[in-house]
Amino acid sequence: MSHFLNGHDRKRRQPNTVLAWLCIVLLVLPSCRIPCLREAEPGPDLPDTFNGRISAENSSQVSIPEFFNDPVLTCLIEEALVGNQQLKILAEDIQIANNEILARKGAYFPFFNIGAGAGVMKPSVYTPQGAVEDQLQYLPGQHFPRPLPNFLIATDLTWQVDIWRQLRNARDAAALRYLGTAEGRNYVVTRLVADVAENYYTLMALDKKLENLDSIIQLQEKSLDIAKALKEAARVTELPVQRFIAELRKNHSEKLIIQQEIIEAENRINFALGRYPMPVERHSDRFIELHMSPLNVGVPVQLLSNRPDIRQAERDLAAAGLDVKVARARFYPTLNITGTVGFEAFNPKYLFFTPESIVGGVAGSLVAPLINRAAIKADYMSANARQIQALVNYQRTTLDAFTEVINRVSKVENYGKSIEIKKQQLEALEESVDVAGRLFQNARTEYLDVLYAQRDLMDARMVLIETKRQQVSAVVNTYQALGGGGGGLPPVFDFAPVAVPPSLIELDPEDESIVPPEPVPDDAKAGD
């Protein structure tokens with residue numbers, strides 16, 4: 001008899017076993033048809049030196065006050081870091097990225113909702129439900145009232161179990177973008193420091209140009225007086241007088257143009273500082289002899305940690321790798337758990353009677369996409385494309401940073417050599433102007449010699465000033481290109497930023513999330 005019952009039980013369990021295996025196959029089958037990912041082409045290796053230049057120290061580690069060694073400029077930079085509107089906008093972008101982490105962090109925890117409800121219902125007696133309820137008693141001899149009230153106080157639970165790390169990867173991607181946003185602000189800070197310093201030195205150069213014009217105008221006025229005296233003595237004609245007057249008018253006109261350039265340069269600084277137009281203090285006396293902090297380029301690999309834009313591209317690349325994992329998880333089954341527990345009764349006085357008034361339930365669902373997965377495939381391939389974009393952008397940013405350093409260091413050196421040669425040229429031109437003036441006063445040379453000598457001297461001084469400005473600008477931009485100008489910043493946040501896991505701050509270069517994923521094996525390729 002027991003043998004017969006065991007055989008009967010096995011026959012009864014067999015359909016259930018087949019159904020369970022069928023469900024498992026239906027759930028696993030979609031994950032076996034995931035499309036293959038494309039790989040990005042590897043970028044060029046970072047050179048070991050900056051075209052042969054290398055040093056043990058790195059100027060990017062030098063503080064702003066120490067590098068510029070100008071208290072006036074340092075005060076302007078500090079004011080810009082506090083008042084610049086663009087930095088304030090970027091600080092809000094960081095706040096938004098911070099809030100995104102909070103949202104992603106809460107997505108993989110259960111959601112609890114609490115609520116209350118009340119209602120009333122009266123079914124017809126001539127319906128099955130009404131006929132049954134007419135015979136029901138909740139206590140001996142106690143029938144339910146008509147119409148039937150209902151009162152409910154309950155808590156609902158909804159939870160998507162993160163079995164594939166889909167939600168946690170989305171959280172980590174948001175954390176990386178938060179870090180990338182902060183690095184983007186730091187890069188803007190380094191550019192702001194460079195822009196303020198560059199415009200400050202431009203103002204000094206324009207002051208020297210005005211000084212040069214004033215000096216030349218004095219020489220030309222003296223030559224004009226000599227020409228008038230010689231004309232009165234009938235030793236020259238009216239022509240030299242008119243030529244010197246024309247030259248004077250030209251230089252006075254040039255002064256007005258330079259004064260306008262000074263106003264615009266001052267207002268560029270004022271705008272960067274977040275203030276309305278006003279004069280900018282500076283000391284231009286020794287601009288030509290200005291000596292800035294020596295440049296030490298370090299080694300190229302230091303750019304990866306010193307340049308905020310490279311660090312931002314690195315964070316974006318890591319986040320894009322996690323986005324691919326998030327999109328891939330959509331091919332797998334999703335486990336959702338729902339539940340309810342509370343109190344329900346037709347009369348409030350019975351509402352909290354336990355256990356009679358307690359209602360509850362729990363359910364779980366395992367769902368996987370089976371047909372019409374085009375949207376999921378498209379999202380997965382788009383995530384792969386964005387990851388390749390992020391990788392290429394990282395390679396491009398690194399290449400651009402290296403090229404910037406090469407160009408600017410070379411400019412500093414070549415312009416420095418050019419300045420020394422131009423100083424020698426100026427010495428000869430100053431002597432020629434003096435000689436030409438004395439000869440013209442004694443009527444031993446033509447006025448054109450004096451005019452051309454003065455014009456050549458003015459042009460040479462202008463070129464020297466401009467070359468010096470370009471050299472100083474190259475020094476400032478090299479400091480920024482190396483990653484300098486981002487230290488010692490004022491506080492950015494008016495809020496408590498979310499704690500980011502240390503593993504996301506110090507990225508592991510071997511982490512698969514920051515490189516293009518390996519191709520899916522052939523046995524897992526898609527087949528439409």
Side-chain angles (χ1 to χ4, degrees), residues 199-267 277-290 415 417-472:
N199 282 293
Y200 178 79
Y201 292 126
T202 297
L203 277 176
M204 297 174 68
L206 291 172
D207 289 341
K208 295 300 290 184
K209 287 183 178 181
L210 274 181
E211 180 183 323
N212 176 39
L213 281 174
D214 289 336
S215 174
I216 294 299
I217 287 173
Q218 289 179 0
L219 288 174
Q220 291 173 343
E221 288 176 345
K222 183 178 178 181
S223 298
L224 177 60
D225 293 337
I226 294 173
K228 289 180 178 179
L230 292 175
K231 177 191 172 186
E232 291 178 358
R235 300 177 67 179
V236 297
T237 64
E238 179 68 14
L239 182 59
V241 175
Q242 295 302 321
R243 288 297 300 270
F244 281 118
I245 291 175
E247 198 70 14
L248 278 169
R249 298 295 182 265
K250 185 193 76 171
N251 291 333
H252 280 296
S253 174
E254 186 68 22
K255 280 187 62 177
L256 295 174
I257 295 175
I258 293 178
Q259 287 171 358
Q260 176 61 29
E261 293 177 356
I262 290 175
I263 292 174
E264 293 177 0
E266 285 182 328
N267 289 337
M278 60 183 296
V280 175
E281 181 185 359
R282 69 266 190 187
H283 303 292
S284 308
D285 298 339
R286 298 185 58 81
F287 175 71
I288 301 299
E289 291 77 23
L290 180 66
Y415 275 60
K417 296 175 182 178
S418 176
I419 287 172
E420 296 304 319
I421 297 174
K422 290 184 183 299
K423 285 181 178 180
Q424 298 172 10
Q425 178 193 11
L426 272 179
E427 292 178 1
L429 287 173
E430 288 171 353
E431 181 65 24
S432 69
V433 169
D434 185 58
V435 171
R438 290 199 304 268
L439 292 175
F440 180 63
Q441 187 173 5
N442 296 321
R444 297 177 60 185
T445 187
E446 294 293 330
Y447 73 93
L448 288 177
D449 294 332
V450 178
L451 195 63
Y452 289 152
Q454 292 173 351
R455 185 179 295 174
D456 290 345
L457 175 62
M458 182 188 69
D459 292 343
R461 284 177 177 172
M462 290 295 191
V463 172
L464 174 62
I465 294 169
E466 181 61 23
T467 304
K468 181 64 177 180
R469 188 192 69 81
Q470 292 282 353
Q471 184 207 28
V472 173

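For the atom pair Gln220 CD and Arg249 CZ, the distance stands at 11.0 Å (nearest 0.5 Å). Taken to the nearest 0.5 Å, the CZ atom of Arg469 stands 13.5 Å off from the CG atom of Leu290. Taking CD from Glu221 and CG from Leu224, the interatomic distance works out to 8.0 Å, rounded to the nearest 0.5 Å. To the nearest 0.5 Å, atom CG of residue Leu457 and atom CD of residue Gln425 are 9.5 Å apart. Taken to the nearest 0.5 Å, the CG atom of Leu451 stands 8.5 Å off from the OG atom of Ser223. Atom CD in Gln454 sits 11.5 Å away from atom CD in Gln218 (nearest 0.5 Å).
In terms of the side-chain hydrogen bond (donor to acceptor under 3.5 Å, both in side chains) criterion, Asp456 has no residue partners (sequence neighbours excluded). Considering only residues two or more places apart in sequence or on other chains, Asp449 meets the salt bridge (charged side-chain N to carboxylate O under 4.0 Å, His left out) condition with none of them. Residues forming a side chain to side chain contact (heavy atoms under 4.5 Å, CB included) with Gln260 (at least two apart in sequence, or on another chain): Ile263, Glu264. The side chain to side chain contact (heavy atoms under 4.5 Å, CB included) check on Ile257 picks up Glu254, Glu261, with sequence neighbours excluded. Remark: Lys222 engages no residue in a salt bridge (charged side-chain N to carboxylate O under 4.0 Å, His left out) (not counting sequence neighbours). Residues meeting the side-chain hydrogen bond (donor to acceptor under 3.5 Å, both in side chains) test with Ser284, sequence neighbours left out: Asp207. Scanning for salt bridge (charged side-chain N to carboxylate O under 4.0 Å, His left out) contacts around Arg455 gives Glu247, with sequence neighbours left out. For Tyr201, the side-chain hydrogen bond (donor to acceptor under 3.5 Å, both in side chains) criterion is met by no residue, not counting sequence neighbours.
Using a 4.5 Å heavy-atom threshold, the side chains of Met462 and Ile258 count as touching.
Sorted by first and then second residue, the salt bridge (Lys or Arg N to Asp or Glu O under 4.0 Å) pairs with a member in residues 225-240 read Lys231-Glu238; sequence neighbours excluded. Residue pairs meeting the salt bridge (Lys or Arg N to Asp or Glu O under 4.0 Å) criterion with at least one member in residues 209-218, sequence neighbours excluded, are Lys208-Glu211, Lys209-Glu466, Asp214-Lys255.
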- Message: Determine whether Thr467 and Gln470 satisfy the following criterion, side-chain contact (heavy atoms from CB on, under 4.5 Å), listing intermediate values before the conclusion.
- Response: CA-CA 5 Å; Thr467 304; Gln470 292 282 353; 5.6 Å; no
- Any chance you could lay out the side-chain contact (heavy atoms from CB on, under 4.5 Å) test for Glu446 and Tyr452, step after step, and finish with the verdict? CA-CA 10 Å; Glu446 294 293 330; Tyr452 289 152; over 6 Å; no
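Between Gly437 and Val450, the shortest heavy-atom distance links the atoms N-CG2, 4.4 Å. The two atoms that bring Val236 and Ala227 nearest to each other are CG2-O, 3.7 Å, heavy atoms only.
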Listed pairs under 3.5 Å, donor-acceptor, residues 427-436 side chains, sequence neighbours left out:
residue	atom	partner	partner atom	Å
Glu430	OE2	Arg461	NH2	3.4
Ser432	OG	Leu429	O	2.6
Asp434	OD1	Arg438	NH1	3.4
Asp434	OD2	Arg438	NH1	2.1

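Classified by interplanar angle (parallel below 30°, tilted 30° to 60°, perpendicular above 60°), the ring pair Tyr447/Phe244 is perpendicular.
Between Gln471 and Lys468, the side chains place a donor N or O and an acceptor N or O closer than 3.5 Å (distance only, hydrogens not considered).
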